Amino acid sequence: ALVCTPLLSMYAKCGCIIEAEDVFCSLFHGDVVTWTAMLSAYIERYQAENALRLFGLMPRHGMSPNQLTFLCAFQACGMLADAEAVIKNGVTTGISLHIGHALHTDSTLRGLVSDKHVGTATLSMYAKCSAMEESESVFDALVQRDTVAWNAMFSAYMELRQGERALLLYREMQQQHATMDDGTMVCLLQACREVGISETTRQLHFGVVCAKFEQIPSVSSTLIDAYGECGDMVDARTYFDELCEPD
RNA sequence: CACCGAUGUAGUUUGGU
């Protein structure tokens with residue numbers, strides 16, 4: 001299994017899901033690591049249903065899912081919700097939320113919710129299921145939040161078109177002196193764009209400069225877009241011109 | 001006691017059917 005798991009994983013990354021399945025099946029019973037690797041392989045190929053089906057088979061095969069297994073399961077569930085949302089034009093009322101609740105309960109019973117990575121994956125899953133309250137409560141329960149956890153919550157708000165809540169959360173983040181990265185900034189600028197507040201956009205622009213994010217393409221283009229959406233074409237143009245100048 | 005295979009979030013905009 002120590003040799004086969006990387007092999008399985010490599011096949012998946014190359015898009016060879018059949019070969020990955022062959023490796024998995026050849027292992028007969030395998031262990032929790034190979035099962036998790038197979039889940040990950042399905043996710044890699046956007047096969048959420050297959051991943052969830054395999055997850056459901058684990059108890060019958062005497063496998064107990066660990067943190068990493070749940071990470072995959074939550075990802076798969078979120079993927080399923082996204083697929084439902086596309087089909088249903090943005091309103092998710094399908095089975096993904098039920099599956100998500102079951103997964104959440106299961107992970108709680110196994111004592112895995114306190115894991116930072118599991119919590120992050122859980123809140124993201126809920127957001128994709130359009131379950132904002134669940135998403136928030138998972139985030140609130142997260143004790144040690146790192147940048148990825150914050151970003152996940154911001155992204156959740158953006159997914160749910162809750163720009164104002166995102167900007168409120170940003171204040172909390174500042175109070176806690178949490179570290180942000182360029183991804184955080186993109187989320188916040190998208191929130192500004194949604195809400196349309198010029199002043200906040202300027203404050204964020206200041207933050208972009210302080211953090212030296214100006215030259216990151218995703219940040220600069222989002223900033224220009226935020227200015228434009230707030231009706232501040234002069235600021236947008238000024239910033240754009242600054243970017244074009246050499247240091 | 002050490003090592004070890006699976007490892008969480010998000011990321012410019014716009015249009016067409």
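Given the structure is predicted, the values throughout are model-derived calculations rather than measurements. Every chain is numbered from 1, with letters handed out A, B, ... down the list of sequences.
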From the options [options], select the nucleotide whose nearest atom is closest to the side chain of [X].
X      : options            : result
A:S155 : B:U9, B:U12, B:U13 : B:U9
A:S218 : B:G11, B:A10, B:A6 : B:G11
A:R193 : B:G8, B:U14, B:G5  : B:U14
A:D225 : B:G8, B:G5, B:U13  : B:U13
A:K128 : B:U9, B:A6, B:A10  : B:A10
A:A149 : B:G11, B:G8, B:U7  : B:G8
A:P6   : B:A6, B:G5, B:G8   : B:G5
A:T5   : B:A6, B:A10, B:G8  : B:A6
A:H117 : B:G8, B:A6, B:A10  : B:G8
A:S221 : B:U12, B:U9, B:G11 : B:U12

Distance criterion of 3.5 Å, no angle test: do you see the side chain of [X] paired donor-to-acceptor with the base of [N]?
X      : N    : result
A:N66  : B:A6 : yes
A:D31  : B:G5 : yes
A:D146 : B:G8 : yes

Students often get this wrong, so: under 4.0 angstrom with heavy atoms, is [X] touching a base, only sugar-phosphate, or nothing?
X      : result
A:T184 : nothing
A:L68  : base
A:Q190 : sugar-phosphate

Please work out whether the ring planes of A:H104 and A:F74 are parallel, tilted or perpendicular, with thresholds of 30° and 60°. perpendicular

For A:T69 and A:N66, what are the C-alpha separation, side-chain angles and deciding distance, and is it a side chain to side chain donor-acceptor pair (under 3.5 Å)? CA-CA 5 Å; A:T69 320; A:N66 61 21; 2.8 Å; yes

Ring centroid separation for A:F139 and A:W150, is it under 6.0 angstrom? yes

Give the rounded distance in Å between these two atoms: [atom1] of [X] and [atom2] of [N].
X      : N     : atom1 : atom2 : value
A:Q75  : B:A6  : CD    : C1'   : 12 Å
A:L188 : B:A10 : CG    : P     : 16 Å
A:L27  : B:A6  : CG    : C1'   : 12 Å
A:D182 : B:U12 : CG    : C1'   : 13 Å
A:L223 : B:U12 : CG    : C1'   : 11 Å
A:M10  : B:U7  : CE    : C1'   : 19 Å
A:Y11  : B:A6  : OH    : C1'   : 17 Å
A:L39  : B:G5  : CG    : P     : 18 Å

Any side-chain heavy atom of A:E194 sitting closer than 4.5 Å to one from A:Q190? no

Determine: side-chain N/O of A:S124 to OP1/OP2 of B:G8, distance under 4.0 Å, yes or no. no

So A:D225 and A:T222, side chain to side chain donor-acceptor pair (under 3.5 Å) or not? Walk me through it. CA-CA 5 Å; A:D225 190 52; A:T222 315; over 6 Å; no

Going by side-chain hydrogen bond (donor to acceptor under 3.5 Å, both in side chains), A:Y157 matches just one of A:E164, A:R165, A:E136, A:Q162. Which one?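 Testing A:Y157 for a side-chain hydrogen bond (donor to acceptor under 3.5 Å, both in side chains) against A:E164, A:R165, A:E136, A:Q162 leaves exactly one candidate, A:E136.
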
